[in-house]
Amino acid sequence: MNVTINRLAPLVLGVVLLAGCAKPPAEQIDAAEKALKEAQMSGAATYTAQEYAKLEASLAAMKKEVTDQDGKFALFRDYGKAEQLAASAKADAERVKADAVKKKEEAKAGALQAQRVAQEAVKSAVDLVASAPVGKDRAALEAIKNDVEALKASLNQIQLAIDKEDYPAAQTQAKAINDKSQAVSAELQNALAKVGKGKPSAPKKK
Amino acid sequence: MATFSVRNGLIALVQGSFLAGALSACVQAIPPELVSAIETIDQQLVALKAPEIAPEEYARFVRQWVPLRARVQSDDDLVRWPWETNDLETELRRLHEEGGSTLAKIHGERQAQQQRAQLKVLRVEERLRALSTQIDAIDGRIVLGGKPVQTDLLVKQARSFYEQHDYQRSIEAADRAGKALQVQSALLARELGRYADEQHISGWQAIAQQTINWSRIHRSTAIVVSKAERVLTLYKNGSKVVSYPVRLGFNGIREKQFQGDGATPEGRYHITDKRGAGRTQFYRALVLDYPNQDDRRRFAQGKKVGRIPVVKQIGGQIEIHGVENELMAQTLGCVMLDNAQMSALFERVEPGTPVSIVGALTGRNAVAMALAKLGDHEEET
């Protein structure tokens with residue numbers, strides 16, 4: 001009997017010591033935090049806001065689990081659950097990042113397409129103004145020229161929004177410019193239809 | 001032996017009954033309807049765009065919900081004794097209550113924000129319409145340069161963001177549009193305010209009266225043009241003979257500053273030449289002595305104070321003329337009449353006939369009225 005106890009004692013001690021050496025899964029926690037940061041950098045807070053909020057909550061839960069275990073007597077610490085949470089948060093963060101990147105790319109493509117449409121609409125208006133006969137009702141023509149110049153200048157606002165990666169704003173601005181350009185072109189076409197083609201007059205001093 | 005068996009049997013029966021009773025008293029750890037109610041709150045918060053419009057509140061909710069849901073999932077198959085306390089259920093009930101309050105709060109805020117956005121967008125659209133109508137009524141669009149388009153784009157964005165349910169951005173765009181409209185109104189008031197200024201109007205009335213008096217004293221004809229009303233009136237012997245509607249330069253409502261600005265000059269002039277058929281491209285033309293001494297003095301002063309760029313010229317060849325081609329009706333600062341009326345006028349005047357061009361003859365002129373309406377609209381909003 002004594003011999004048995006003597007043989008088992010080191011084994012029991014070893015198990016106890018091993019349990020006492022349990023440490024937080026620092027590597028997995030770092031990896032999960034890094035993945036969260038990358039998700040954030042990819043625009044997850046904007047493009048997948050709901051998923052990102054849950055991801056942050058998962059990381060907070062993981063940290064709480066680590067803190068809870070840290071607070072326990074060394075022999076009773078178990079970081080298994082924290083490790084599991086970290087792995088799960090990392091996987092979720094990678095998925096959220098991929099989703100955010102995809103949605104951001106879609107938003108960017110939408111903004112660029114809207115920008116192209118707006119640019120074409122403004123160009124049509126510019127071409128129409130250029131083709132308008134000098135003799136057209138001058139007050140209206142000058143006003144339309146002002147409008148077209150303002151529309152040309154406003155195209156820059158779309159690019160600024162795209163540069164800031166604010167694609168919803170870029171798309172909305174582009175739509176407004178497109179709508180206004182078409183209205184200006186319609187106004188000009190309407191005026192031209194009334195006026196017909198006239199020959200330019202000789203310049204006069206006024 | 002038989003006694004032992006009966007006793008054992010009774011004991012077994014009692015134990016079995018107790019176990020069966022105890023088992024039947026066991027309850028599920030978490031009521032599934034509670035979990036599903038919290039899930040519904042989460043979905044409703046997402047539908048309200050809480051992660052975007054109230055990220056802090058939503059984060060507070062999910063920070064509790066995510067770990068609790070994990071616990072629910074891990075404790076899913078467990079049962080407990082009825083007398084056992086269940087802190088998970090307690091926490092879920094607390095979260096349900098808190099989540100419900102958060103949902104109600106965000107829902108209320110969202111509704112208020114939607115109403116605010118709707119009101120702002122409608123107001124700014126109405127103000128833009130009113131401004132455009134008044135500007136068109138006085139041919140003042142050119143005065144504002146590219147500003148009407150910039151404002152229109154902001155109003156369109158405000159409407160577009162509203163339709164996308166992005167009320168915050170809608171409000172921001174509407175506010176910017178509102179400020180842009182104020183700037184436009186202020187610019188119009190600054191550029192055209194003289195049409196509502198009593199001193200200016202008195203001055204113009206005096207000029208017109210002197211011209212009419214000259215006609216009476218000299219028993220001759222004289223012309224008065226009112227820019228605000230776009231009317232040319234012919235006087236003879238101090239009495240009104242006829243009035244004709246006129247068109248002005250493309251920027252005619254303004255006071256002429258320099259060559260090419262499209263403005264029609266204001267002041268006392270005289271007909272210096274009558275150009276009949278073949279001598280003008282505009283059917284008939286009455287050439288005026290613009291620039292006169294007053295114009296030259298104002299031009300020099302404007303350059304001196306930097307109001308007029310140094311490279312600009314004063315211009316000339318201001319005429320009252322007809323239309324060369326109705327399809328090409330054009331004037332860069334002159335006073336233009338329909339040919340039939342131009343023909344009648346041409347026959348009634350001679351070189352030397354005084355022509356006074358004034359901004360307005362009454363305080364209730366078209367431009368002053370338009371400015372007043374814009375002012376009223378500003379106050380309403």
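Numbered from 1 within each chain, the chains take letters A, B, ... in sequence-line order. Everything numeric here is computed off the predicted structure, so don't read it as measured data.
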Open item on the list: If we define contacts as heavy-atom pairs under 4.5 Å, which of B:Val155, B:Asp136, B:Val149 has the most with chain A?
Closed with: B:Val149
Task: Ion pair A:Asp179/B:Arg159, N-O distance below 4.0 Å - done: no
Open item on the list: I want to know whether B:Phe161 and B:Tyr167 have ring centres closer than 6.0 Å.
Closed with: no
Open item on the list: Heavy-atom cut-off 4.5 Å, strictly under: side chain, backbone, both or neither for B:Gln313 against chain A?
Closed with: neither
Open item on the list: Let's go through B:Arg275 and B:Glu319 carefully: what are the C-alpha distance in whole Å and the side-chain angles of both, what is the deciding distance for side chain to side chain contact (heavy atoms under 4.5 Å, CB included) to 0.1 Å, and is it a yes or a no?
Closed with: CA-CA 10 Å; B:Arg275 291 181 180 166; B:Glu319 302 170 347; 3.3 Å; yes
Open item on the list: Assess whether a salt bridge exists between A:Asp30 and A:Lys34, defined as any Lys/Arg side-chain N lying under 4.0 Å from an Asp/Glu carboxylate O.
Closed with: no
- [ ] Say whether, by atom type as modelled, one donor and one acceptor occur between the side chain of B:Asp289 and the main chain of B:Asn292 under 3.5 angstrom.
- [x] no
Open item on the list: Please classify the contact between A:Lys175 and chain B as side chain, backbone, both or neither, with a heavy-atom cut-off of under 4.5 Å.
Closed with: side chain
Task: Interface moiety of A:Ser58 toward chain B, non-hydrogen atoms closer than 4.5 Å - done: both
Open item on the list: Under a 4.0 Å threshold between the charged nitrogen and the carboxylate oxygen, would A:Glu165 count as salt-bridged to A:Lys108?
Closed with: no
TODO: Check whether A:Ala45 gets within reach of chain B through its side chain, its backbone, both or neither, counting any heavy atom under 4.5 Å.
DONE: neither
Task: Best-contacting candidate, B:Asp166, B:Asp152, B:Leu144, against chain A by heavy atom pairs under 4.5 angstrom - done: B:Asp152
Open item on the list: I need the residue from B:Ala50, B:Gly146, B:Pro51, B:Gly252 with the largest number of non-hydrogen atom pairs under 4.5 Å to chain A.
Closed with: B:Pro51
- [ ] Apply side chain to side chain contact (heavy atoms under 4.5 Å, CB included) to the pair A:Leu151 and A:Leu155, showing each step before the final yes or no.
- [x] CA-CA 7 Å; A:Leu151 284 168; A:Leu155 284 173; over 6 Å; no
TODO: Counting only heavy atoms closer than 4.5 Å, note whether B:Val66 contacts chain A via side chain, backbone, both or neither.
DONE: side chain
Task: chain B contact via A:Glu149 - which portion, at a heavy-atom distance below 4.5 Å - done: neither
TODO: Report the option among A:Val148, A:Leu85, A:Asp166 that has the most heavy-atom pairs separated by less than 4.5 Å from atoms of chain B.
DONE: A:Asp166
Task: salt_bridge(B:Asp42, A:Lys54) N-O dist < 4.0 Å - done: yes
Open item on the list: Looking only at heavy atoms and a cut-off of under 4.5 Å, which of B:Pro67, B:Ala59, B:Gly145 has the most pairs with chain A?
Closed with: B:Gly145
